[in-house]
Q: 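Okay, handing you the structure first.
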Number of protein chains: 2
Amino acid sequence: MEKAKDDPVDLEIIVRDEPAGHKSELRLWLRLLSTVNMITQEIRQRLRAEFAITLPQFDLLAQLDRAREGLRMGDLSKRMMVSNGNVTGLIERLETDKLIVRDFDPVDRRVIVAKLTPLGIAKFRIYSKAHEGWLADMFADVDPVTAKALMKHMATMKGSVAAHLTRGA
Amino acid sequence: MEKAKDDPVDLEIIVRDEPAGHKSELRLWLRLLSTVNMITQEIRQRLRAEFAITLPQFDLLAQLDRAREGLRMGDLSKRMMVSNGNVTGLIERLETDKLIVRDFDPVDRRVIVAKLTPLGIAKFRIYSKAHEGWLADMFADVDPVTAKALMKHMATMKGSVAAHLTRGA
DNA sequence: TCGAACTATTTCAAATTTCAATGATCTTCG
DNA sequence: CGAAGATCATTGAAATTTGAAATAGTTCGA
């Protein structure tokens, strides 16, 4: 006796789980997102309260600190994962504050390279140390084993995501 | 023969690890952040391309979809982890599009409750299904064991962070 | 070498976002 | 009751952010 496609039980399951039961992925995503948001807001608030600097500006300084020879606007945009126009505005404000400078590339005159000034380096050193301390505080109850597992599993997840992007497949 | 504090090797380690060796926390944070950014940008782009809706608007609709009886502006603000003023602007645009409505609370006239319209419910249902599918795609290479471990470990991390916030301890 | 196709950056409009200040309403307590 | 203090939401200014269009410069093939 055949059953399959007309089995009422199967239909019931299908209806309840429309359309493909991806709830667990959604839950994982929401947990990831809310945790990151929580941390982000805490850092934003502390940067403002203690150093009167915004989080996006801190992020940009951090990129330049890691690349002392400077970065092109486009590279900054890619590394920060924000739009080109966004970087232009941030750079303008930081240049006004004398924390960075813009230099034209003599070889390719379309290219602009931004780098930290000595003042920018000095100030970021201070911000950066505090920032690391805040993270260590917030992660204090995460034991090393858990942290290590997270590093590994997040690498897996990041790889999966990167492999399934619409654009940069 | 005593050694300890004058041991050159120990000093070397200390110097290299100034000021308190929180590099591993920083690395974990950056990995978390970049992964979430990658996913966020992908979802933002797909929402725009396929449904002509912005990510913040989708997020707000999602909150209201989970609370069919409606939410106060302040609750929306807390759940979305954004400022009060931000929610006001988002709600105004969504109200213009007839996706949500605002009602005064008859008991407490300071309170405003936002809820989905039937149109909002119908449209969000479509957006939501697509959204879940995109997540499932992006997480396709994350095996269930890894996913389960991530759920658990992210709960630990979220708890640690929540316990060490400046504000809402 | 000319011009079409690319590439790097800026510009612009609209939306988002924060933070502080304001307005309106409630609550409490003398 | 009635004012001080607390709560809820909006407003306004400045910064951030996106996405598309515009600018300027480079490259490469006919």
Side-chain angles (χ1 to χ4, degrees), chain A residues 37-38 40-61 63 70-97 99-100 102-114 166-167, chain B residues 37-38 40-61 63 70-97 99-100 102-114 166-167:
Chain A
N37 279 344
M38 198 182 281
T40 295
Q41 294 293 44
E42 176 74 5
I43 293 176
R44 180 198 311 283
Q45 181 195 325
R46 294 217 202 191
L47 283 173
R48 171 174 290 267
E50 299 192 21
F51 301 122
I53 193 176
T54 67
L55 179 55
Q57 289 175 8
F58 173 87
D59 286 342
L60 198 156
L61 293 178
Q63 293 298 336
L71 286 174
R72 297 141 83 105
M73 303 300 281
D75 286 339
L76 273 171
S77 168
K78 279 193 202 71
R79 296 196 191 197
M80 298 179 69
M81 296 195 267
V82 299
S83 68
N84 277 346
N86 190 350
V87 174
T88 299
L90 287 171
I91 283 287
E92 279 168 0
R93 279 164 227 122
L94 289 170
E95 193 170 39
T96 303
D97 294 343
L99 299 182
I100 65 104
R102 268 186 287 198
D103 286 322
F104 285 86
D105 184 322
V107 176
D108 186 338
R109 276 173 306 179
R110 294 170 304 179
V111 171
I112 297 204
V113 173
T166 298
R167 320 196 40 140
Chain B
N37 280 343
M38 198 181 282
T40 295
Q41 295 292 46
E42 176 73 5
I43 292 176
R44 180 197 311 283
Q45 181 195 324
R46 294 218 204 191
L47 283 173
R48 170 173 290 268
E50 298 193 20
F51 301 122
I53 193 176
T54 67
L55 178 55
Q57 290 175 7
F58 174 86
D59 287 341
L60 199 156
L61 294 178
Q63 293 299 336
L71 287 173
R72 306 153 138 223
M73 303 300 280
D75 286 338
L76 273 171
S77 167
K78 280 193 202 71
R79 296 195 191 197
M80 297 178 70
M81 297 195 267
V82 300
S83 67
N84 275 346
N86 191 349
V87 173
T88 298
L90 286 171
I91 284 287
E92 280 169 359
R93 279 167 228 120
L94 289 170
E95 194 171 38
T96 303
D97 294 343
L99 300 182
I100 65 104
R102 269 185 287 198
D103 286 321
F104 285 86
D105 184 320
V107 176
D108 186 339
R109 275 173 307 177
R110 295 169 302 178
V111 172
I112 297 206
V113 174
T166 298
R167 319 199 41 136

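Because the structure is predicted, anything quoted here is derived from the model rather than measured. Chain A is the first sequence line, chain B the second, and so forth, proteins listed ahead of strands; every chain is numbered from 1.
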Q: State the CZ-CZ distance between B:Arg110 and B:Arg72, to the nearest 0.5 angstrom.
A: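 Going from the CZ atom of B:Arg110 to the CZ atom of B:Arg72 covers 8.0 Å.
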Q: Once each nucleotide of nucleotides 22-27 of chain D is scored for protein heavy atoms under 4.0 Å, what B/S/- sequence comes out, 5' to 3'?
A: ---BS-
Q: Would you say the side chains of A:Arg48 and A:Gln45 form a donor-acceptor pair under 3.5 Å?
A: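 There is no such pair between these side chains.
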Q: If you look at every strand shown and take non-hydrogen atoms under 4.0 Å, does B:Gly85 touch a base, only sugar-phosphate, or nothing?
A: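 Base: the residue B:Gly85, judged by heavy atoms under 4.0 Å, touches a nucleobase.
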Q: Could you tell me the separation between the CG atom of A:Asn86 and the P atom of C:dT17, rounded to a whole number of Å?
A: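 After rounding, the reported distance stands at 13 Å.
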Q: Could you tell me how far apart B:Ile91 (CD1) and D:dT11 (C1') are, to the nearest whole angstrom?
A: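 My rounded result for the distance is 16 Å.
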Q: Rounded to whole angstroms, how far apart are CE on B:Met81 and P on C:dT17?
A: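 My rounded result for the distance is 12 Å.
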Q: Check the distance between C:dA15's P and B:Leu60's CG and give it to me in whole angstrom.
A: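 So the two atoms are 15 Å apart, to the nearest Å.
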Q: I'd like to know if the side chain of A:Asp105 and the backbone of A:Val107 have a donor-acceptor N/O pair within less than 3.5 Å.
A: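 Such a contact is found between A:Asp105 side chain and A:Val107 backbone.
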Q: State, to 0.1 Å, how close A:Ser77 and A:Val87 come at their nearest heavy-atom pair, and which atoms those are.
A: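 Shortest heavy-atom contact: CA-CG2, 3.7 Å.
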Q: Please list, by residue number, the residues of residues 41-50 of chain B whose heavy atoms come closer than 4.0 Å to an atom of DNA chain C; answer none if no residue qualifies.
A: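 Within this stretch, nothing sits under 4.0 Å of the strand.
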Q: Please give me the minimum heavy-atom distance between A:Leu47 and A:Thr54, naming the atom from each residue.
A: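 Distance-wise, the nearest heavy atoms are CD1-O, 4.4 Å.
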Q: Separation of A:Arg72 atom CZ from C:dT9 atom C1', in whole Å?
A: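 Answer to the nearest Å: 11 Å.
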Q: Taking any heavy-atom pair under 4.0 Å as a contact, classify A:Ser83: base, sugar-phosphate, or nothing.
A: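 The residue A:Ser83 makes base contact.
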Q: Below 4.0 angstrom from OP1 or OP2 of C:dT9, is there any side-chain N or O of A:Asn84?
A: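 For C:dT9, OP1/OP2 do not have a side-chain N/O of A:Asn84 under 4.0 Å.
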Q: I need the CG-P distance between B:Leu55 and D:dT18, as an integer number of Å.
A: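 The distance from CG of B:Leu55 to P of D:dT18 comes to 11 Å, rounded to the nearest Å.
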Q: So do B:Ile100 and B:Leu61 actually touch side chain to side chain, heavy atoms under 4.5 Å?
A: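 Yes; the side chains approach each other to less than 4.5 Å.
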Q: B:Arg46 and A:Thr166: which non-hydrogen atoms are nearest, and at how many Å?
A: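 Closest pair (atom of B:Arg46, atom of A:Thr166, distance): NE-OG1, 3.2 Å.
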Q: Taking the nucleotide of DNA chain D with the nearest heavy atom to each, does B:Asp75 or A:Met80 sit closer to the 5' end?
A: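 Mapping each residue to its closest nucleotide by heavy atoms, the 5'-most match is B:Asp75.
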Q: If each of B:Leu90 and A:Thr88 is mapped to the nucleotide of DNA chain C with the nearest heavy atom, which maps nearer the 5' terminus, i.e. the 5' end?
A: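 Nearest-nucleotide comparison on DNA chain C picks A:Thr88.
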Q: To the nearest Å, give me how far apart CZ (A:Phe104) and C1' (C:dT10) are.
A: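 Between C1' of C:dT10 and CZ of A:Phe104: 11 Å.
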Q: Consider the side chain of B:Gln57, meaning its heavy atoms from C-beta on, and name the nucleotide among D:dT10, C:dT10, C:dA15 that approaches it most closely.
A: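 Of the candidates, C:dA15 comes closest.
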Q: Taking all non-hydrogen atoms of both residues, which atom of B:Phe58 and which atom of B:Ile53 are closest, and how far apart?
A: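 Taking every non-hydrogen atom into account, N-CD1, 4.2 Å.
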Q: Side chains of B:Met80 and B:Leu90: does their closest heavy-atom pair fall under 4.5 Å?
A: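 Yes - at least one pair of side-chain heavy atoms lies under 4.5 Å apart.
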Q: Rounded off to whole Å, could you give me the CD-to-C1' distance for the B:Glu92 and D:dA9 pair?
A: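 So the two atoms are 11 Å apart, to the nearest Å.
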